[in-house]
Amino acid sequence: MKLDPRVKLSILCTLSTLAILFQNVRSLLVLFVSCLIILMLLKCNIKRLLKPFKSLIKLVIIMSLIQSVFSQGNHVIISFFNINVITVEGLIRGLEFFLRMLTILFSASILKTCSSREIIQGLTQLKVPYDLSLMAVMGIKFLPILQQQFSDTFIAIQLRGVDIKKQTLKEKVKLISYLLMPVVAGAIETAKKVSISIQLRGFRAYPTRTSYYSLTLNKIDYIILMCNLLYVALFILCFGGIN
Amino acid sequence: MNKISLENVSFSYSQTKNDVIKNLSMDIYSKDITIIQGANGSGKTTLSKLCCNIYKPNNGIVTIFSKDAKNLSLSDVAKDIYYLFQDPQKQLFCESVEDEIAFALKYQNYTLAQIEQTTNKMLELFNLNDIKKSYPLLLSGGEKQRLAIACGVAIKPKLMIMDEPTSSLDTENMINLVNIILKLKHDYNIGFLIISHDLDFINRIGDVKYMMQNGGVINET
């Protein structure tokens with residue numbers, strides 16, 4: 001299904017806002033399932049989408065467990081020396097956190113089905129200043145470059161004979177600090193170069209900007225926008241009183 | 001044997017893409033200065049990264065100094081091979097030039113006296129003494145490259161792989177690099193695998209030269 005980027009932005013806003021506002025497992029589960037259905041309708045390869053989130057999902061699971069440990073409740077599952085470690089309420093809190101984060105991460109993936117040019121145009125036609133939308137999209141595009149720089153320095157450290165796995169935790173932390181320096185320096189350097197090259201192409205030279213590319217909403221876009229509004233209304237109606 | 005062997009090696013960056021290296025077999029000896037030349041996209045850099053286990057082949061066997069590369073970590077490979085990136089900035093991460101040279105030595109059970117002695121020797125050899133307290137990322141292109149090579153020589157590799165080492169050098173610095181390579185081969189017995197398409201540089205150096213095209217070797221001289 002080919003949708004206008006503005007419609008995708010509105011779906012993203014709906015899902016992520018509802019995921020923040022609603023705090024019970026049932027509503028968050030509905031949101032998460034809706035998000036998965038939308039991704040499937042947009043023909044997203046969920047397996048491929050998950051790849052860059054792999055390490056993030058591990059972090060979300062750990063955070064959920066921590067949430068569970070630190071949330072107190074009366075229904076104790078595990079306790080040590082009269083201290084409640086895991087409770088039913090804690091587990092529910094952890095699950096809520098997990099579902100919320102997953103919904104936000106997955107709904108952000110909806111934008112992956114658009115090109116950066118489409119997102120910029122969508123934001124611009126939504127009256128977001130062009131400078132801001134360009135900067136936001138360029139920031140996203142920067143991430144793989146940073147990742148590559150991290151990976152190169154990591155390889156360089158190992159190719160000097162340092163076996164990172166065999167180091168103590170203290171040494172590992174020290175080695176990570178070595179990784180940061182060239183990455184930050186490289187990022188600043190690249191940002192400077194990009195800034196110069198953008199200006200050399202006449203960016204901000206004139207107050208207005210002509211765009212060859214223009215987005216128009218089709219019938220299907222209006223239908224989806226209406227469905228989106230209906231979804232919000234129904235969601236509030238069904239789960240509004242539960243919190 | 002002191003060589004890197006590739007037997008019927010194929011490599012692609014992802015399963016859906018075409019092979020960048022196609023069924024390639026060759027030996028690279030650590031006693032030689034081996035040059036790999038070829039046009040952009042011919043697979044030179046990929047080959048160099050396969051030779052030091054940064055990339056693992058999809059098919060075929062890479063043997064690094066008689067050991068199957070599959071069973072080696074990058075730090076194991078570093079005992080025999082040093083890799084110089086096309087952009088040496090990528091491999092400089094310490095706070096000063098002398099720290100940069102001493103970095104690997106600190107992880108190899110050297111005594112403080114040995115670290116100091118080796119560092120001073122490298123600073124002298126690569127003419128880096130005047131800038132030994134400088135921040136590596138602020139050096140000029142030629143200085144960064146000399147420093148990156150010094151870091152490698154300090155850990156005494158048998159073979160040094162250089163990816164397009166002259167890409168950011170002027171003629172004077174290129175000639176300096178040729179002299180450094182010849183000196184290291186003669187005095188330190190280090191072999192070289194150099195990836196380059198700089199004809200001026202290639203004509204001044206090299207015992208064995210290969211020409212690559214479309215992921216395979218088409219010519220050896």
Side-chain angles (χ1 to χ4, degrees), chain A residues 43-54 112-113 142-197, chain B residues 14-16 45 48-49 51-55 64 72-96 99-110 135-139 144 147-157 159-161 163:
Chain A
K43 287 183 184 142
C44 271
N45 185 342
I46 306 228
K47 224 174 168 185
R48 217 172 125 197
L49 273 180
L50 271 173
K51 223 176 167 187
F53 289 138
K54 239 179 182 173
K112 277 197 165 183
T113 57
F142 242 120
L143 292 176
I145 297 170
L146 286 181
Q147 197 184 7
Q148 186 60 45
Q149 273 173 337
F150 259 118
S151 148
D152 285 339
T153 314
F154 196 64
I155 288 170
I157 289 175
Q158 290 177 85
L159 280 174
R160 290 221 205 147
V162 181
D163 191 343
I164 295 173
K165 282 181 193 161
K166 286 182 187 164
Q167 303 304 317
T168 59
L169 186 67
K170 194 180 161 194
E171 277 300 328
K172 276 181 189 164
V173 172
K174 202 171 157 193
L175 285 170
I176 288 168
S177 73
Y178 282 122
L179 284 176
L180 286 174
M181 201 180 296
V183 172
V184 173
I188 293 170
E189 191 69 20
T190 316
K192 265 188 204 168
K193 283 178 188 163
V194 169
S195 154
I196 291 168
S197 62
Chain B
S14 75
Q15 285 178 342
T16 50
T45 298
S48 72
K49 290 187 174 174
C51 285
C52 66
N53 220 16
I54 293 177
Y55 294 157
I64 298 173
L72 297 175
S73 67
L74 282 178
S75 52
D76 291 330
V77 173
K79 288 171 190 159
D80 296 314
I81 297 172
Y82 180 70
Y83 189 91
L84 186 81
F85 283 84
Q86 184 175 357
D87 176 8
Q89 178 156 315
K90 285 181 179 172
Q91 57 201 114
L92 303 175
F93 42 80
C94 294
E95 283 171 25
S96 70
D99 279 352
E100 200 69 65
I101 296 171
F103 174 83
L105 307 174
K106 290 175 189 167
Y107 288 90
Q108 293 184 4
N109 294 328
Y110 277 56
Y135 183 49
L137 298 183
L138 296 178
L139 302 179
K144 275 181 199 165
L147 173 57
I149 298 173
C151 294
V153 177
I155 53 175
K156 298 175 188 157
L159 182 81
M160 195 179 280
I161 300 176
D163 183 14

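Chain identifiers are assigned alphabetically (A, B, ...) following the order of the sequence lines, protein sequences preceding nucleic acid strands; residue numbering begins at 1 within each chain. Scope of the values below: all heavy atoms of this structure, side chains included, with no hydrogens, waters or symmetry mates.
Neither the backbone nor the side chain of A:Leu180 comes within less than 4.5 Å of any heavy atom of chain B. If you measure heavy-atom distances from B:Lys90 to chain A, the contacts under 4.5 Å come from both the backbone and the side chain. At a 4.5 Å heavy-atom cutoff, B:Leu105 makes no contact with chain A through either its backbone or its side chain.
Between the CD atom in A:Gln158 and the SG atom in B:Cys52 there is a gap of 11.0 Å [rounded to 0.5 Å].
Residues passing the side chain to side chain donor-acceptor pair (under 3.5 Å) test with B:Lys144, sequence neighbours excluded: B:Gln89. When the ring pair (Phe, Tyr, Trp, His ring centres under 6.0 Å) test is applied to B:Tyr107, the partners found at least two apart in sequence or on another chain are B:Phe103.
Comparing A:Ser177, A:Gly186, A:Ala156 by heavy-atom pairs within less than 4.5 Å of chain B, the highest count is held by A:Ala156. Your options are A:Val183, A:Asp163, A:Val162, A:Thr153, and the one with the most heavy-atom pairs under 4.5 Å with chain B is A:Val162.
Side chains of B:Ser48 and B:Tyr83: a donor on one and an acceptor on the other come within 3.5 Å.
For B:Gln86, the CD atom is densely surrounded, since the number of other residues' heavy atoms within 6.0 Å is greater than 12.
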